[in-house]
Amino acid sequence: MTTGPAIIDTNVVVSGILTRDPDSPTARIVDGMLKGRFRFILSLELLAEYRDVLLREKIRRRHGLSGADVDVLLTEIAANGIPVEPPPEKVEGEDAHILRILATDRAAVLVTGDRRLAQSLPRGARSLSPRQFVAEP
């Protein structure tokens with residue numbers, strides 16, 4: 001995995017928790033977040049999004065975790081993350097918080113499975129798929 005700071009998109013965290021394959025790139029990323037194996041950036045808004053999505057009924061049925069279990073998992077993830085307070089830039093859209101987090105560190109890389117988001121990043125911003133991220137030295 002890359003040594004630079006990463007921003008892990010919600011779809012990667014959810015996929016990593018839902019997968020039954022511990023060797024999948026998303027599972028390896030979540031495991032790395034839990035064990036502090038790489039540097040990653042978090043905001044309160046991003047943590048809240050992780051929680052909201054993980055607690056959606058359809059997703060909750062698949063992972064089988066209680067609300068308390070999700071909170072423990074996110075607390076462990078947060079303990080290893082680099083907290084940031086993104087600037088209040090006027091960025092709009094569904095993924096505006098991700099773009100604001102990217103603005104806090106120009107060297108950060110977004111790890112996402114969302115191709116639309118990856119292709120819509122501002123000039124100079126970098127993204128990797130989960131597979132690319134785990135393959136980086």
Side-chain angles (χ1 to χ4, degrees):
M1 290 182 220
T2 185
T3 58
I7 301 163
I8 309 300
D9 197 7
T10 304
N11 62 60
V12 175
V13 171
V14 172
S15 176
I17 291 169
L18 293 179
T19 186
R20 302 279 187 234
D21 179 3
D23 294 322
S24 76
T26 57
R28 290 178 57 200
I29 290 169
V30 170
D31 187 58
M33 293 171 82
L34 289 166
K35 294 180 179 169
R37 290 193 178 130
F38 62 90
R39 296 180 328 131
F40 60 97
I41 299 171
L42 288 172
S43 70
L44 289 177
E45 189 174 1
L46 185 57
L47 275 171
E49 182 177 295
Y50 290 171
R51 186 177 193 279
D52 288 345
V53 174
L54 287 168
L55 292 179
R56 288 180 185 166
E57 189 58 36
K58 183 177 181 180
I59 293 173
R60 197 173 182 171
R61 279 194 303 260
R62 289 189 57 205
H63 62 57
L65 300 172
S66 69
D69 292 336
V70 168
D71 289 342
V72 167
L73 178 76
L74 295 178
T75 299
E76 291 175 19
I77 285 174
N80 293 311
I82 302 165
V84 297
E85 186 172 328
E89 293 181 11
K90 295 202 179 214
V91 180
E92 295 184 20
E94 180 181 341
D95 296 306
H97 66 286
I98 292 287
L99 300 177
R100 286 194 305 274
I101 296 169
L102 272 170
T104 66
D105 187 336
R106 298 289 181 199
V109 61
L110 173 63
V111 180
T112 185
D114 182 343
R115 289 185 184 153
R116 179 201 50 80
L117 173 59
Q119 293 172 350
S120 69
L121 295 180
R123 172 175 271 170
R126 194 175 133 202
S127 71
L128 295 171
S129 71
R131 186 170 309 284
Q132 292 168 321
F133 181 71
V134 299
E136 282 213 349

message: The test is side chain to side chain contact (heavy atoms under 4.5 Å, CB included); show your working for Arg37 and Asp31 and say whether it passes.
response: CA-CA 8 Å; Arg37 290 193 178 130; Asp31 187 58; 2.6 Å; yes
- request: Answer yes or no: is there a donor N or O on one side and an acceptor on the other, between the side chain of Thr19 and the main chain of Ser15, under 3.5 Å?
  value: no
query: Which residue, Asp69, Leu54, Leu73, forms the side-chain contact (heavy atoms from CB on, under 4.5 Å) with His63?
result: Leu54
field: Nearest heavy atoms of Val134 and Pro25, plus distance in Å
entry: CG1-O, 3.8 Å
- prompt: Does a side-chain heavy-atom distance below 4.5 Å link Leu99 with Leu121?
  reply: yes
- prompt: Is the backbone N or O of Glu49 less than 3.5 Å from a side-chain atom of Asp52, with the two atoms forming a donor-acceptor pair by type?
  reply: no
query: Are any non-hydrogen side-chain atoms of Asp114 and Asp95 less than 4.5 angstrom apart?
result: yes
- request: Over all heavy atoms of both residues, which pair between Pro86 and Thr104 is shortest? Give the atoms and the distance, please.
  value: CA-CG2, 3.6 Å
query: Would you find more than 12 non-hydrogen atoms of other residues, nucleotides or ligands less than 6.0 Å from Arg116 atom CZ?
result: yes
query: Can you name the closest pair of heavy atoms from Met33 and Phe38 and give their distance?
result: CG-CZ, 3.5 Å
query: Quick one: do Val53 and Val72 end up in the same hydrophobic cluster if we chain Ile, Leu, Val, Met, Phe, Trp and Tyr together by side-chain heavy atoms under 4.5 Å apart?
result: no
field: Residues, nucleotides or ligands: over 12 heavy atoms within 6.0 Å of Leu44 CG
entry: no
Glu85 atom CD, neighbour heavy-atom count above 12 within 6.0 Å: no
- line: The reported gap from CD1 in Ile8 to CG in Leu46 (rounded to nearest 0.5 angstrom) is 9.0 Å
task: Determine, step by step, whether Ile7 and Val109 satisfy the side chain to side chain contact (heavy atoms under 4.5 Å, CB included) criterion, reporting the C-alpha distance in whole Å, the side-chain angles of both residues, the deciding distance to 0.1 Å, and the verdict.
output: CA-CA 6 Å; Ile7 301 163; Val109 61; over 6 Å; no
field: Spacing of Asp9 atom CG and Ile98 atom CD1 [to the nearest 0.5 Å]
entry: 4.5 Å
Nearest non-hydrogen partners of Asn80 and Gly36, listed with the distance: ND2-N, 3.6 Å
task: With rounding to the nearest 0.5 Å, note down the distance linking CG in Asp71 to CD in Glu76.
output: 11.5 Å
Which atom of Asp23 lies closest to which atom of Arg28, heavy atoms considered: O-CD, 3.5 Å
field: Which atom of Thr10 lies closest to which atom of Tyr50, heavy atoms considered
entry: OG1-CD2, 3.5 Å
- prompt: Can you find a pair of side-chain heavy atoms, one from Leu117 and one from Leu110, that are under 4.5 Å apart?
  reply: yes
- request: Could you go through the side chain to side chain contact (heavy atoms under 4.5 Å, CB included) check for Leu55 and Leu65 one step at a time?
  value: CA-CA 9 Å; Leu55 292 179; Leu65 300 172; over 6 Å; no
- request: Show your reasoning for whether side chain to side chain contact (heavy atoms under 4.5 Å, CB included) applies to Leu42 and Ile77.
  value: CA-CA 9 Å; Leu42 288 172; Ile77 285 174; 4.2 Å; yes
